[in-house]
Number of protein chains: 2
Amino acid sequence: MTARTRKAQRRTDALSRERIIEAAVELLDAAGEGGLTFRALTERLATGPGAIYWHVANKGELLDAATDDVVAAALAREPAGRPASPQEGVRAVALGLFGAIERHPWLAAQLAGQLSRGPERPVPPRILERFGQQVRELGVPESGWFVAASALMHYVLGAAGQHAANVAYARTLGPDADRAEVLGAVAAAWQGLDPADYPFTRAVADQVRDHDDREQFLAGVDLILAGITA
Amino acid sequence: MTARTRKAQRRTDALSRERIIEAAVELLDAAGEGGLTFRALTERLATGPGAIYWHVANKGELLDAATDDVVAAALAREPAGRPASPQEGVRAVALGLFGAIERHPWLAAQLAGQLSRGPERPVPPRILERFGQQVRELGVPESGWFVAASALMHYVLGAAGQHAANVAYARTLGPDADRAEVLGAVAAAWQGLDPADYPFTRAVADQVRDHDDREQFLAGVDLILAGITA
DNA sequence: TGAATCACTGGAACGACATTCCAGACATCC
DNA sequence: GGATGTCTGGAATGTCGTTCCAGTGATTCA
């Protein structure tokens with residue numbers, strides 16, 4: 001009989017690794033990266049630091065676990081049946097991650113952090129694997145597998161992260177800002193750049209205003225798909 | 001007469017924003033993200049916190065300034081003459097960033113952080129602009145400018161960051177590890193995954209071991225270029 | 001039926017950190 | 001030669017992650 005089983009028998013409100021991770025995700029969603037504090041966590045769970053540290057090694061592990069949890073849920077949410085085509089499969093995975101990052105804006109920085117903290121982190125291989133399986137079915141020769149899957153993963157994480165950042169930024173301007181204001185804010189920030197130094201960025205600012213983020217995101221995915229199948 | 005000019009006249013070892021940023025970059029290079037502390041900074045500059053805070057608003061601004069500094073230097077290092085082709089121009093920008101992230105591994109997380117912290121940060125537009133100008137010369141219709149430049153930027157930052165992470169990770173294993181060990185370490189970490197859950201990742205682990213990171217990175221850039229011109 | 005054991009808890013305390021405060025040093029200006 | 005404003009560094013503050021440890025209550029064993 002494991003420790004947790006025994007404890008669960010004792011009290012239904014017992015602390016557990018799952019409850020801690022769940023609370024951590026809620027705190028992150030509510031207040032961003034800085035919102036996750038052991039103090040806030042003890043308050044929300046009505047306990048002390050020692051209790052939490054018995055279930056979790058440290059804050060880093062907790063953040064990794066929260067990230068893993070959310071990403072796993074996002075990748076599992078996909079349609080059960082096989083996609084109509086590998087291309088559709090890639091789009092489904094991409095949109096799944098896009099939605100997860102949109103719902104949890106702190107995910108973007110966290111994923112980027114795991115990417116740049118060595119190959120041992122659990123999440124990047126999980127994502128690479130999903131894209132990779134679609135790439136394989138796309139008929140890409142094996143020598144191109146890694147490059148193709150990497151390109152998809154890096155674009156998706158980067159672009160989705162930027163989208164989430166824009167949404168969060170627009171929320172800063174006003175809690176009831178509508179979509180036009182949101183996109184307008186980003187465009188305005190870029191329009192304010194020096195025309196001599198940033199001719200291109202200023203030119204595309206208008207596109208950012210007029211296009212749907214999700215469509216533009218998918219256009220990027222299709223662009224890379226085109227590169228893969230070329 | 002500005003404050004800094006007058007001060008420079010008084011003492012050549014005077015504190016200045018430039019000297020602080022320079023010291024910050026050195027600390028980051030030496031000990032990574034956690035190495036930049038106001039304590040370490042005061043020690044290295046033989047001064048107190050107040051002196052630093054007179055020149056710099058807070059740690060975040062200092063990090064942003066250091067990032068901006070390094071990226072600007074990397075983008076300026078490119079060959080002065082016009083590239084032979086827009087494709088070569090893209091590769092030059094990509095390799096410039098790749099080298100900068102290789103020399104300063106903390107850059108990857110920092111750039112990702114700026115990306116996911118709103119459109120006001122100075123660095124992302126700087127990079128987007130460089131790629132964008134080449135995209136324009138590639139003959140891409142204006143409606144596709146943003147997607148093409150975004151795809152390039154996100155892939156380059158993500159892939160270069162992952163490369164830097166692997167190099168840093170390998171350095172952890174042993175200070176005198178050679179290239180084979182470095183790549184072997186990453187491959188070994190991926191080979192240890194569950195074959196049932198990670199068939200693709202395990203299959204590409206061998207490629208990671210046998211290929212040159214820089215070549216693979218450029219192959220990714222070319223893949224996206226192929227998608228853009230398709 | 002006790003006593004010993006074990007998983008688990010939470011309050012107190014610690015060191016490191018970013019940041020603020022402020023009394024003073026120093027060149028410059030009037 | 002006082003007044004001014006720039007610039008400095010030491011002391012102090014509050015928050016953070018983390019550790020320590022005396023306890024609690026269920027379980028196990030004699």
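Keep in mind that this is a model prediction, so the values were computed, not measured. We name chains A, B, ... by the order of the sequence lines, and we start the count at 1 in each one.
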Would you list the protein and nucleotides 18-25 of chain C atom pairs, both N or O, that sit under 3.5 Å from each other?
from, atom 1, to, atom 2, distance (Å)
dA18(C), OP1, Lys59(B), NZ, 2.7
dA18(C), OP2, Phe38(B), N, 2.9
dT19(C), OP2, Tyr53(B), OH, 2.9
dT19(C), OP2, Lys59(B), N, 2.8
dT19(C), O5', Tyr53(B), OH, 3.1

Nearest-Å distance, CD1 (Ile52(A)) to C1' (dT19(D))?
14 Å
Can the ring centres of Trp190(A) and Tyr198(A) be said to be less than 6.0 Å apart?
no
Looking at residues at least two apart in the chain, or sitting in another chain, which of them share a salt bridge (charged side-chain N to carboxylate O under 4.0 Å, His left out) with Glu43(B)?
none
Does the side chain of His55(A) get closer than 4.0 angstrom to OP1 or OP2 of dA7(C) through an N or O atom?
no
Just how far, in rounded Å, is P of dT18(D) from CG of Leu41(A)?
12 Å
Test: Arg103(A) and Asp29(A) ion pair at under 4.0 Å
no
Check side-chain hydrogen bond (donor to acceptor under 3.5 Å, both in side chains) between Glu120(A) and all other residues, then give those that pass, not counting sequence neighbours.
Tyr169(B)
Mind checking if Ala40(B) touches a base, just sugar-phosphate, or nothing, with heavy atoms under 4.0 Å?
nothing
When rounded to whole Å, the CG to C1' distance for the pair Leu45(B) and dC7(D) reads 15 Å
Nearest-Å distance, CG (Leu27(B)) to P (dC17(C))?
12 Å
Between Trp54(A) (CH2) and dC20(D) (P), how many Å, whole number?
17 Å
To check you understand the geometry: which heavy-atom pair defines the closest contact between Lys59(A) and Phe38(A), and what is its length?
CB-CE1, 3.6 Å
Using the ring of each side chain (for Trp, its six-membered ring), is Tyr155(B) parallel, tilted or perpendicular to Phe217(B), with breaks at 30° and 60°?
parallel
